[in-house]
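Okay, structure first, notes after.
We're numbering straight along the sequence, starting at 1.
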Amino acid sequence: MKKKFLILTAFFCIANYGFAQGNKPLENAKVDPRVELLSIAFRLADAEEFKSTYFESYVEDINTYLLHLIIGIKCRLSAQL
């Protein structure tokens, strides 16, 4: 009985492995710029839901871009004074 159970379990695992998706990237992924802008705005507002650092490169890109934007605004404001 144990032998049949082990064989059946092994067969199920092998058969199920063939249908697994694996680590394939999304082929037709699209980004809505309106959603991205809102998520960045909420991130700047320190909304708890948007404070995740799970995607480190994305967060780094946002911070780098915003740093350049803030420096540009500061330079323009300083020139006006």
Side-chain angles (χ1 to χ4, degrees):
M1 181 69 179
K2 288 182 183 180
K3 190 174 182 180
K4 287 182 182 180
F5 178 76
L6 288 175
I7 291 173
L8 185 61
T9 304
F11 177 76
F12 178 78
C13 290
I14 292 170
N16 196 23
Y17 182 76
F19 295 108
Q21 179 179 357
N23 290 331
K24 295 180 183 177
L26 296 175
E27 294 175 9
N28 297 327
K30 295 180 183 179
V31 176
D32 187 348
R34 299 169 295 181
V35 174
E36 288 298 312
L37 183 60
L38 269 176
S39 66
I40 291 170
F42 275 99
R43 183 176 192 78
L44 290 174
D46 283 334
E48 191 66 34
E49 299 87 4
F50 294 90
K51 290 167 93 175
S52 172
T53 57
Y54 184 73
F55 299 103
E56 293 178 14
S57 63
Y58 176 74
V59 172
E60 185 178 317
D61 290 344
I62 290 173
N63 292 339
T64 302
Y65 176 77
L66 290 176
L67 181 63
H68 289 294
L69 186 67
I70 290 170
I71 290 173
I73 292 170
K74 181 201 168 290
C75 290
R76 280 183 265 159
L77 288 174
S78 296
Q80 290 179 358
L81 295 177

For residues 61-81, pull every pair meeting ring pair (Phe, Tyr, Trp, His ring centres under 6.0 Å), keeping only residues two or more places apart or in separate chains.
none

My understanding is that only residues two or more places apart in sequence, or in another chain, count here; which of them pass side-chain hydrogen bond (donor to acceptor under 3.5 Å, both in side chains) with Glu60?
none

Hits for side-chain hydrogen bond (donor to acceptor under 3.5 Å, both in side chains) against Arg34, two or more places apart or cross-chain, chain-then-number order -> Asp32

Nearest 0.5 Å please: distance from the CD1 atom of Ile71 over to the CG atom of Leu66.
11.0 Å

Here the salt bridge (Lys or Arg N to Asp or Glu O under 4.0 Å) pairs for residues 40-55, sequence neighbours left out, are Glu48-Lys51

Among Asp61, Asn63, Ile62, the one residue meeting side-chain contact (heavy atoms from CB on, under 4.5 Å) with Val59:
Asn63

Spacing of Ile70 atom CD1 and Leu77 atom CG [to the nearest 0.5 Å]
11.5 Å

Less than 4.5 Å apart, side chain to side chain, heavy atoms only: is that true for Ile73 and Arg76?
yes

Other hydrophobic cluster members with Val35, side-chain heavy atoms of Ile/Leu/Val/Met/Phe/Trp/Tyr under 4.5 Å, chained?
none

Any pair with a residue in residues 28-53 that passes ring pair (Phe, Tyr, Trp, His ring centres under 6.0 Å), sequence neighbours left out, goes on the list, sorted by first then second residue, please.
Phe42-Phe50

